Amino acid sequence: MVVRAQSSAAGILALLSEPDVVFKQHALVKLSPLVPQFWAEISEKIAYMQSLYEDESLPLQTRDAAALLASKVYYFLSEYDEALSFALGAGSAFENETRVPGSEEYVETVISRAIDRYTQLRSEESSEAIDPRLQKIIEGIFARCLAEGEYKQAIGIALESRRLDVITQVFDETGDVSLISYAMEAVLDTGFSLLYRDQVLRFLLELFPQPSSKDASPHVHSLTRLLVTLSDAALTVPLLASLVPQEQLLAYQFAFDLVEGGAQDFLEAVRTQLPEGDSATKDVYDKLRDILTGRESVKLYLEFLKRNNKVDLLILKNTKDVLEPRSSIYHTALTLQNAFMHSGTTSDVFLRENLEWLGLASNWSKFSATAGLGVIHKGYFEQGMTILGPYLPQAGGESNVSGAAYSEGGALYALGLINAGCGSSIITYLRDTLRAAQGEVVQHGAALGLGVAGMGSNSPEAFEDLKTVLYMDSAVAGEAAGYAMGLIMLGSAAAEPVREMLGYAHDTQHEKIIRGLAMGVAFIYYGRQEEADETVKVLLAEKDPILRYGGVYTLALAYAGTSNNDAVRQLLHFAVSDTSDDVRRAAVTALAFLLFKNPKQVPRIVQLLSESYNPHVRCGATLALGIACAGTGLQDAVEILEPMTKDSVDFVRQGAFIALGMILVQQSEASSTSMASTRSLYTKVVSDKHEDPMARFGAAIGQGLIDAGGRNVTISLQSRAGSKNTNAIVGMVLFCQFWYWYPLAHCACLAFEPTAIIGLNSELKVPKFNFVSNARPSLFAYPSSVKPPKKETVAKVATAVLSTTAKVKAREKKKAAAEGDLMDTDDKVEGSRKEGEGDVEMKGEDRSSPARDGDVSPINRSISNLADDFKKSSDDPKPSSSKPARKTEPSFEHLPNFSRVTPAQLVHVTFLPDGRYQPVRAVSSKPTKGSKGVVPKVSSSIVGSLSETYAGGGGILVMRDLRPEEEADLIDLEPPPPPQPPVPAPTAAPAPVIPSGPHIALDASAPEGSPPEPFERRADITVFRDTLLDEDLLIQRLLPFNIVCTMRERTKFPASVLGRLPNLRIITTTGMRNAAIDVQFAKQKGIVVSGTNSRGNSTTEHIWALIMAVTRRIAEEDRNVRAKNPQWQTLIPIGLAGKTLGLVGFGRLGSDAAKIAKLFNMRVIAWSPNLTPERTTEQGVEFAGSKENLLRTSDIVSVHLVLSERSRGIITADDLTLMKPTAFFINTSRGPLVDEQGLVQILKDGKIAGAGLDVFNVEPLPLDHPFRDLPNVTLSPHNGYVNDTNYEAFCSGTAEDVEAFLDGKPVRVIS
C-alpha cells in the first residue's frame, strides 16, 4: 500500500479550534514537524498560537508546545528575535527539540541568537536585566561545551559575554595553560574595547602558573605578549622579582623578550621600579636593568649582522653603473639601495669604493646620503657620535659653507636612526641642537632624529621644543616637527597635544606642515582603538584632503593589528569614494596595518582594488600587499603583483617592485618559484635607460629590500613576542610617505628584524654550540651571488655536410688513396657504404670524441644543454642506459650559535637532547616540527604556508648549562675598532673628506660635486618684466613655452588661460600656495604646478614697518622735508605704549606680531572665525570675543588671514565704520579680504586716522587708483614677502623645480 504524501496542514490546524484541550495539544504536537513544509500555511494561525501560549488556563505542556510552534514559524519567517523569544518560553519543549533529527539548523540559529542576545545584555552599555530563561540556555551551552571537551568554544563565548568565571572553570577542569594562551590571543586579536581587553588580560595573568625553565616554559611567549600589551610596570616587576631567586636565567629571558616589543616609557618604568636587591641578587637586578635599556639586544644583533653580512656588492655595482649619478632621483635610489642592503652591518665598503659617485650628492641628495649612514650603522650607538662627528653641527653653530646644512641635517637624522629604540642618551643632544639651529634644513634633520630616537618617550620637554620649531611656520622644518611631535607622544592619546596640532594645521598655509601634523596625530593615537574614534570622525569629515589623509592613517594605527571589521569597512569606503587620489591611495595602503596578523586575507581583499581604474588605488594595493605580507613569500600576493610590474602607470610599477622586495625578503629559490624571476626583473628594469625613472627607482629600492641587512633581516610588523612591533609599524608608515618626501624612506630600516638564534649563558656571554634545523638546507639557504659577466669566447659550430658535397669528397678521397696521397684533413666516410649506394647522411662532428669538448657541449661549450648520455668518458665502451645517480640533499643540518634562522625555519629548529646547552623557553611560539632522529620531510610547496604568519620566537635565547663544571668555549665578541680620523680622499682634485677607518660619511665642509650641465643648455630662458591682465595677450605671449615660472599671484592662470596653452607642461610659482592658478584644472590637463620654499621673517618685519610708518607719520614727514617746508615738525606721532593692537587672524604672523607689540607695552587682542579663548590665553593675548568688538576697541587693526572663499570680504564697509577716528588700518595679507571701495571712502572722509597697505585687489596697483592720491595712506608694492633671503630661496627653488621636472621627477608639486 502506497502512503500518500501530505499536501496540506489544514486538517491539523482545524483541531486548534476545538474546545477540548486534548485536541489542541495533539494539533500542536503534530504541527511541529510539519512547519518546514507548511510554514506559510501555518503562519496564518500565528496570532492564535501566541494566544494559546499566553493562556494561563491551559496546561504548561500545551503552552510550551504552542511557544515552540510559534518559534519555529517565526524562524522560517526570518524573524529571529521573535523566534528566540518564543523558544525561551517553550521551556522543556525546546530542549526536547534539540534532539529531534532535522531540527539542527533551527536549533543552531536560535542558540546563536541566544548567545548574541546574552552577549549584548552582558555588555558594558546595557543595563537591561537578563531573562532567567536566557540565562538557563547559556548555562546549558557552557555545560555542554565542558562535557564534550569543546573548551575553546566555551572560552570564545565566555569572552564575548564577559563571563570570565567560565574561563576559570575551564582552567580548573583542564589545567591546560595553552587554553589561557588561547584566551589571551583571542582577546588581543579581536575587536574588544581597550578597557575590557585590559580587564581580561589582568584576569588571565593571575591564572598563568609560575614559569619554570625546567619545562622550557612554553607559555613564556604568551606571558611576554600579555605584559607588553598591558605595559604596566606594577605587574611586570613582581613577576621578574619572583623569578630572581630561583629562576635567574628565565628572568633574563623575560627581560630580553620584553625589550623586543615594549615601548621606551614602559621599559624605563620597569627599570626604575626594579628593587636594588641584596648582596646575593644585586648583580642579577643590575643585569636586568642593563638588558631592559635595550642596548644589550641591539649590540648582539649588530654583531650578528656584521659577522653574517652576505651583501652581493656586484648588484650595487651594476646599479651604480646604469643609473645616472647626476640625477637626484637616481642618486637617492642608489643611496637607499645601499643603505637597506647594508642596514645594521656597519659596512661602508661600497661607499669607500665609490667616492666619486658619493661626491656628486648635492642639496637634498646629500641630506639623504648622509642620513643613509644612520641606516648602515643602525644600532651602533656606542660609536654613533664618533662616526657622524665631522658632519654634525659644531659647537660654534651651523656651518656657513655652501651645502653644509644638508650634511648637518642628514647627520642629525642619521643619529636618530642609529639610536632608534634606545635613544635616551642622545635625546638631550638632539634637543639642544634643535633649539640652537637657525636653518630649516638642520631643523628638519634634528626634528626627525629627535622623533625617531625619542619614539614613545612621551617627553613634554621634547614636545615643546618641537612645537617651537613648528610655530616658526617653515614648511621644511615644520613638516618634520609635525612627524616628530607625534613620534614623541606615540600611543599616548594625549588630548591637549592633538588639539594644539590640529589647531595649527587649520591655521597654517603650508601643505607640508599640515601633512606632518596630520600624521603626527595618527601616531599619537597608535593602538588606542576606540579612544581615537572621535578624532578619526572629525578628520575624515574635513574638507582638506590632507587632514582626511591623516584621518585614514589615524584609523589604521589606532586599530593596528586588530583586523577590526568597522575600521576595514571605513577604509574600503574611502578607498573607492573619496574625491582625493591621495586619500584613496592611503586608505588602501592603510589596510595593511589593520590586517598584517592575517596576511592570507589581504590578497583576497585587495584583489579587486588592484584592478581599479584609478592608478592611485592600484598603487595603494601594491603597498598594502607588500607591507602586510612582508617576509612571508605568500604566492597569492606575488601573483597579484607580478602583472602590476607591467602596469601602464609608472608609479604603480614602482609600488609593485617595492612590494615584491618586501614579500620575498629572505626567500630562497627553493622556497619561492618567483624569486629568480623577480631578481632578473629588477636587473632588467634598473638597466633599461628607456624605462621611467619612477619605475627604475622602485626596482632599485626593491633590490635593497629583498637583500636587506646583509640578507639577515626580515620585515615584520609583529615582534618575536607576538605583540605588535611598534618600531616596524611606525617605520613602515613613515616609509609610505616617501611619495611626498624621499628622506622618509630611510625609516623602512625600523622594520628590519634580524633573524638569528643567539644563545647566551648565565653570564650573558656567547658560548659555542650547535642546534638542528630539521629541513632541507636549500629551503632556507642564502641566495647565490651574482656572477660577473665573462668574456664570451667564439665556440666552434658543428659542420653540416651536404650529401652532394659528401659524395664529391668521397670520390676525391678514393682517387687520392689510389695515388697514395690521402689528405689528413678530409673526413672519412662513415660506415661501410660504397660509392653509389645512395646519399651520404648529413652529419656533424664526431660527438664521441673527448679531445675537443670533453664534458662540454660542442654547440655552446655548456654542460646545461648536453644530454646526460653524452656526458661520459670516451673510454666507456657501453652507452649509459640511465642518468648518473644524483647526490641526495640531506633533510636536516647542524647550525652553530649566531646563525641566521628565518621565521619560517624556526618551527624546524630543535636542540639535541644530550646537548650541553638548552634554552629556558621554547624556541618558537608555534609547535616545533620534528627533532633529530625523527626528521620530517619538508617540501618547498609548504614553506610559503609556514612563513605566511610570523612564527615568533628565536632571537636571543638564554641557555641552561647542563654541564656547568666544564669550561665554557665562548665566541669572541671583540669590540669593533674605533673609527679612524678622516683623511682626504685619494683624488687630485678637491673631494669630500672621508674617514679611512671602517666607517664613512659625507663631510659637511666638503665642496660641492661638479654641477650638472649649465641650466641654459637644457632650456632657453625668456624673461618678461611686466604683468599682462588681458587673457588674449597673455596667451599670445606664453603660447610657445613648455615651462612658465611665475611670481605668486602676480599673473592669473585660470582654466580659460590654461586650456589655451597646449605646449605648457609645468608652472612654477614662488611659495607653496598660489590662488591665481587653477591647480585642479592644471592637474586635469597634465600640467605640473610646483612651488618653492620661503625663508626668513620678511612679512613680520614689514607688518611693523607699516605700523611704525603710519603711527610715526614717516611718509608725511618725508614729503614735508623733501618739499623744503620751512616748518620743521608738522605732525605729532602716535605713541604705542598703552595702545590696543587688534589682530584679525592669529596664526604664525599674528602671534609673531603680538610678541613684538608686547615689547612696546601694548595691549593685544585677537579674533578670527576659528580662534578660541584657550589659544589666545596660551599666547598671553586677550580674546576679542567678536570682530565688531575688536574693531571698536583697537587703536591699530592689522589683518592676518588666508584668502579663501570664506574669508573674502570679511572686513566690510560697515565694519570699517566701527573703528575709532584715531585708529589706523594695516593690511599685509590679501587685498580682497577688505571691501576696498569702502576703505577708500572711509579714508577720504577722514573717519579713521590712516592706513598702511601692502596688498590690493589688483596688483600692480593701477596708476589711477584712488589710494595713490590719499595723503593718509602709506603704500608699499606688496613687499611683505620681499627680502634677499626669501628671493634667494625663491630663485634656487624655481631652478630646482625646473631641473627636477626635466629629470622626470617633479618636486614640491602643489595639489
Side-chain angles (χ1 to χ4, degrees), residues 301-302 305-306 308-320 323 329-351 354 357-358 365 368-380 410 413-414 417-418 420 452 623 626-627 630-631 654-655 657-667 678-679 682-683 685-686 696-717 727-728 730-732 734-738 742-755 782-783 786 900 1000:
Y301 287 130
L302 183 72
L305 293 174
K306 287 164 53 182
N308 294 275
N309 183 11
K310 303 291 183 185
V311 168
D312 191 341
L313 290 175
L314 193 57
I315 295 175
L316 285 167
K317 181 180 182 300
N318 291 341
T319 304
K320 182 187 78 69
L323 294 183
I329 180 175
Y330 291 146
H331 199 287
T332 301
L334 184 53
T335 294
L336 290 170
Q337 181 181 345
N338 175 57
F340 290 159
M341 292 175 74
H342 284 102
S343 177
T345 65
T346 71
S347 172
D348 56 25
V349 61
F350 176 77
L351 298 177
N354 295 278
W357 166 83
L358 193 63
S365 293
S368 294
T370 315
L373 297 172
V375 180
I376 294 172
H377 297 283
K378 178 173 172 279
Y380 198 12
Y413 183 20
L417 292 170
I418 288 175
V452 173
L623 292 178
I627 295 170
Q654 179 189 69
F657 292 137
I658 292 173
L660 281 171
M662 293 181 183
I663 293 172
L664 295 176
V665 63
Q666 287 203 331
Q667 301 299 308
T678 301
R679 287 184 177 277
Y682 284 151
T683 303
V685 172
V686 171
R696 297 177 80 188
F697 180 90
I701 300 303
Q703 282 182 317
L705 293 171
I706 205 169
D707 287 334
R711 297 177 171 172
N712 291 299
V713 302
T714 190
I715 300 172
S716 175
L717 304 193
N727 279 8
V730 169
M732 274 299 147
L734 288 170
F735 172 78
C736 290
Q737 311 313 309
F738 81 88
Y742 280 149
L744 294 176
H746 294 72
C747 291
C749 72
L750 300 178
F752 295 168
E753 285 294 308
T755 53
Y782 286 105
V786 175
R900 182 185 88 153
I1000 193 165

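Computed from a predicted model, the values in this text were never measured in an experiment.
Contact of the Leu316 side chain with the His342 side chain is registered, since non-hydrogen atoms from C-beta on lie closer than 4.5 Å. Using a 4.5 Å heavy-atom cutoff, the side chains of Lys378 and Leu750 are in contact. Two residues are said to be in side-chain contact when any heavy atoms from C-beta on lie closer than 4.5 Å; Asn338 and Asn354 fail this criterion. For the pair Met341/Phe350, no side-chain contact is recorded, criterion being any heavy-atom separation below 4.5 Å from C-beta on. Taking the side chain as every heavy atom from C-beta outward, Ile329 and Tyr742 approach each other to under 4.5 Å.
If you take CD1 on Ile418 and OH on Tyr380, they are separated by 10.0 Å, rounding to the nearest 0.5 Å. Taking CD1 of Ile701 as the reference point, atom OG1 of Thr335 lies at 9.0 Å (rounded to 0.5 Å). Going from atom CG of Asn727 over to atom CZ of Phe752 covers 13.0 Å, rounded to the nearest 0.5 Å. Leu336 CG to Cys749 SG: the interatomic distance, rounded to the nearest 0.5 Å, is 10.5 Å. Distance check, rounded to the nearest 0.5 Å: CE of Met732 to CG of Leu717 gives 7.0 Å. Between atom CE of residue Met662 and atom CD1 of residue Ile715 there is a gap of 5.5 Å, rounded to the nearest 0.5 Å.
Listed here is the closest heavy atom pair of Ala333 and Leu323: CB-CD1, 4.4 Å. Residues Val452 and Ala420 share a closest heavy-atom pair of CG1-CB, 3.7 Å. Across every non-hydrogen atom of Tyr413 and Leu744, the tightest pair is OH-CA, 3.9 Å. Between Arg679 and Pro783, the closest heavy-atom pair is NH2-CG, 3.5 Å. The shortest heavy-atom contact between Ala748 and Phe340 is CB-CZ, 3.8 Å. A pairwise comparison of heavy atoms in Arg696 and Tyr330 identifies NH1-OH, 3.3 Å as the closest pair.
Judged purely by atom type and a 3.5 angstrom limit, Thr345 uses its side chain to pair as donor or acceptor with the backbone of Ser347. Under the 3.5 Å distance criterion, the side-chain polar atoms of Asn318 are matched with a main-chain donor or acceptor of Leu314. Counting only distance, with no hydrogens or angles, the side chain of His331 and the backbone of Trp357 share a donor-acceptor pair below 3.5 Å. A side-chain donor-acceptor contact under 3.5 Å links Thr755 to the backbone of Asn712.
Under the rule for a salt bridge (Lys or Arg N to Asp or Glu O under 4.0 Å), Lys310 has no partner lying at least two apart in sequence or in another chain. Not counting sequence neighbours, the partners of Ala699 by the side-chain contact (heavy atoms from CB on, under 4.5 Å) test are Phe657, Tyr682, Val685, Val686. In terms of the side-chain hydrogen bond (donor to acceptor under 3.5 Å, both in side chains) criterion, Ser368 has no residue partners (sequence neighbours excluded). Partners of Tyr301 by ring pair (Phe, Tyr, Trp, His ring centres under 6.0 Å), not counting sequence neighbours: none found. Taking Gln703 as the reference, Thr319, Gln337 meet the side-chain hydrogen bond (donor to acceptor under 3.5 Å, both in side chains) condition, with sequence neighbours excluded. Residues passing the salt bridge (Lys or Arg N to Asp or Glu O under 4.0 Å) test with Arg711 are Asp707, sequence neighbours excluded.
Between Phe735 and Phe738, the two ring planes are tilted [angle within 30° to 60°].
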> Do Ile376 and Leu351 pass the side-chain contact (heavy atoms from CB on, under 4.5 Å) test, and can you show the C-alpha distance, the side-chain angles, and the key distance before you say yes or no?
Replying inline: CA-CA 11 Å; Ile376 294 172; Leu351 298 177; 4.0 Å; yes
